[in-house]
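Lettering follows sequence order; numbering is per chain, from 1.
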2 protein chains.
Amino acid sequence: MEYEGADPGTVRPGGRTARVRAAVLRAAGDAMAERGFAHLDLADIARRAEVGKTTVYRRWGSVTGLVADLLTDMAEQSLPRTETGSLLDDLKANARLVQRTLTDPRQGALFKAVIAAATSDARTAEALHRFYETRVEEWAPCVQQAVVRGELPEGTDPHEVIRAVSAPLYYRFLTTGDHLDEATADRAAEAAAAAARAGVYARPA
Amino acid sequence: MEYEGADPGTVRPGGRTARVRAAVLRAAGDAMAERGFAHLDLADIARRAEVGKTTVYRRWGSVTGLVADLLTDMAEQSLPRTETGSLLDDLKANARLVQRTLTDPRQGALFKAVIAAATSDARTAEALHRFYETRVEEWAPCVQQAVVRGELPEGTDPHEVIRAVSAPLYYRFLTTGDHLDEATADRAAEAAAAAARAGVYARPA
DNA sequence: TCCATAACGGGACTCCTGTTCCATTTGCTG
DNA sequence: CAGCAAATGGAACAGGAGTCCCGTTATGGA
């Protein structure tokens, strides 16, 4: 009796395999942005990627599996973080980055689709959590620096502050249909800064 | 040539029609809570509701149509709002209500499913927006009273404050897998209150 | 360069979702 | 309470998503 090999694509990841993955992920992103998560069709994606339908099913298995892979791919491309001298400006930069991402037609639709997928599939949810963890981790230092500078109380949880900036933007994005503009982004940053200064995110030492 | 009648269920809404609607909505809620939005199957829902599969397709057409109806049904059952004398306590009551709702296994799964459905269907999105508009409208007065009492600056936008309470809870609920506890709810209320007091939600007069 | 085999691609097949047709039940109205 | 039509329910049907089989391509190692 022989052991079945690991998942397809792991033994010979070079050349064609990599090209197929890239083409399929791109096609999946396009399809998602255009038609949304619910109307996603693996056969259509295979056609767009000029790849056999069988291949897509074999490598990713299901729509949610594909979305999860797309997400880990997105997490790997990290954006450079700006670095001003003030907490509020750093948070505003972060807020505007999120705002621009969600407002962008392609990226916005993609995020909607990914979040939708995560609600009904554990693997996708896991990938999504890691994605945001990475992003939050990336921006946390600017809060830590504000603590060092004495702008924020000792023991302030940097992760919570960063999450507080994104939260209202995502909430608006998902539950109300309102357009996200720069003023909204700035207000999100200001709210987070105000709450942080008031010591809301300071753990009791 | 005759005009086709309106949607089925509108001409004779009493008796059986109402029973069918109630049974199907209940079954849909159960199925959603158990299996999530992506795995939703109208045939299964019909079976649970002990109703003909044809009826479900004829009345609601698609999964998203059913979810939209479920949502308007939920919006109609409004919960009584508590009324303490302080802004922070009112906001905490609101935050805990949201926290309990999202934490509840059935309700939480239901909200996840509904939000997922709204990301890929305009009609469901519309219903979702109305749902949250209703809820926010319901709680806005307690912020307005705080303005009158002088706790908050003139021109504070009550809706924004209420949304600011929910936002971090939903953000956490959807993007991180963390458990929502009462401390988290209280912190959300405190953050919103702090930002409001700082004048972040005050429109420039 | 050459070989073993991982990975791909096309097509046939299956099963399940969603539609259509028509007989039956049951609200509503006179 | 009687009759008309709305609404339902079952069954047969159609179309498409996902699986399986097997021949073909091309990768990674010798």
For a quick check of understanding: with a heavy-atom distance under 4.0 Å over all strands, which category does A/Arg21 fall into, base, sugar-phosphate or nothing?
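No contact at all - A/Arg21 keeps every heavy atom at 4.0 Å or more from the nucleic acid.
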Any carboxylate oxygen within less than 4.0 angstrom of a Lys/Arg side-chain nitrogen, looking at [X] and [Y]?
X	Y	result
A/Arg100	A/Glu182	no
B/Glu34	B/Arg48	yes
B/Arg21	B/Asp69	yes
B/Arg81	B/Glu83	yes
A/Glu160	A/Arg163	yes
A/Asp44	A/Arg35	no

I need the [atom1]-[atom2] distance between [X] and [N], as an integer number of Å.
X	N	atom1	atom2	value
A/Ile45	D/dG16	CD1	C1'	15 Å
A/Arg19	D/dA26	CZ	C1'	9 Å
A/Glu50	C/dG10	CD	P	10 Å
A/Trp60	D/dA17	CH2	P	18 Å
B/His39	D/dG18	NE2	P	12 Å
B/Asp41	D/dA17	CG	C1'	13 Å
A/Asp44	D/dG18	CG	P	12 Å

Kindly give the atom pairs (protein nitrogen or oxygen, nucleotide nitrogen or oxygen) under 3.5 Å for nucleotides 20-22 of chain D.
unit_1 : atom_1 : unit_2  : atom_2 : d
D/dC20 : N4     : A/Thr54 : OG1    : 3.4

Going by distance alone, is a donor N or O of one side chain under 3.5 Å from an acceptor N or O of the other, for A/Ser62 and A/Thr64?
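Short answer, yes.
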Taking only the side-chain nitrogens and oxygens of B/Tyr57, find out if one of them lies under 4.0 Å from OP1 or OP2 of C/dG18.
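So the side-chain polar atoms of B/Tyr57 do come within 4.0 Å of the phosphate oxygens OP1 or OP2 of C/dG18, strictly under.
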Does C/dG9 have OP1 or OP2 under 4.0 Å away from a side-chain N or O of A/Thr55?
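The answer is yes; a side-chain N or O of A/Thr55 sits under 4.0 Å from OP1 or OP2.
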For residues 15-38 of chain A, pull every pair meeting ring-ring contact (aromatic ring centres under 6.0 Å, His included), keeping only residues two or more places apart or in separate chains.
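Output for this query is empty, none listed.
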May I ask you to test the A/Thr124-A/Leu128 pair for a side-chain heavy-atom distance under 4.5 Å?
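When only atoms from C-beta onward are counted, A/Leu128 and A/Thr124 do not touch, as no gap falls below 4.5 Å.
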Taking atom types as they are modelled, is there a donor-acceptor pair under 3.5 Å from the base of C/dG18 to the side chain of B/Lys53?
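Result: at least one qualifying N/O pair found.
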Return the residues of residues 112-121 of chain A meeting this criterion: a heavy atom under 4.0 Å from some atom of DNA chain D. Order them by number, or give none.
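None, since no heavy atom is under 4.0 Å.
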When you get a sec, tell me which of D/dT8, C/dA7, D/dG18 is the closest nucleotide to the side chain of A/Arg59?
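Nearest nucleotide to the side chain: C/dA7.
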Among D/dG18, D/dG9, D/dA7, the nucleotide that comes nearest once only the side chain of B/Arg16 is considered
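Minimum distance to the B/Arg16 side chain belongs to D/dA7.
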Should we count CZ of B/Arg26 as having more than 12 external heavy atoms under 6.0 Å?
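12 or below, so no.
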Please identify each residue that fulfils salt bridge (Lys or Arg N to Asp or Glu O under 4.0 Å) with A/Arg58, with sequence neighbours left out.
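Testing A/Arg58 for salt bridge (Lys or Arg N to Asp or Glu O under 4.0 Å), a comparison that skips the adjacent residues, returns none.
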Who passes side-chain contact (heavy atoms from CB on, under 4.5 Å) against A/Thr134, sequence neighbours left out?
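With sequence neighbours excluded, A/Thr134 shows a side-chain contact (heavy atoms from CB on, under 4.5 Å) to A/Glu138, given in chain and number order.
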What nitrogen or oxygen pairs link the protein and nucleotides 28-30 of chain D at under 3.5 Å?
unit_1 : atom_1 : unit_2  : atom_2 : d
D/dG28 : OP1    : A/Gly14 : N      : 2.8

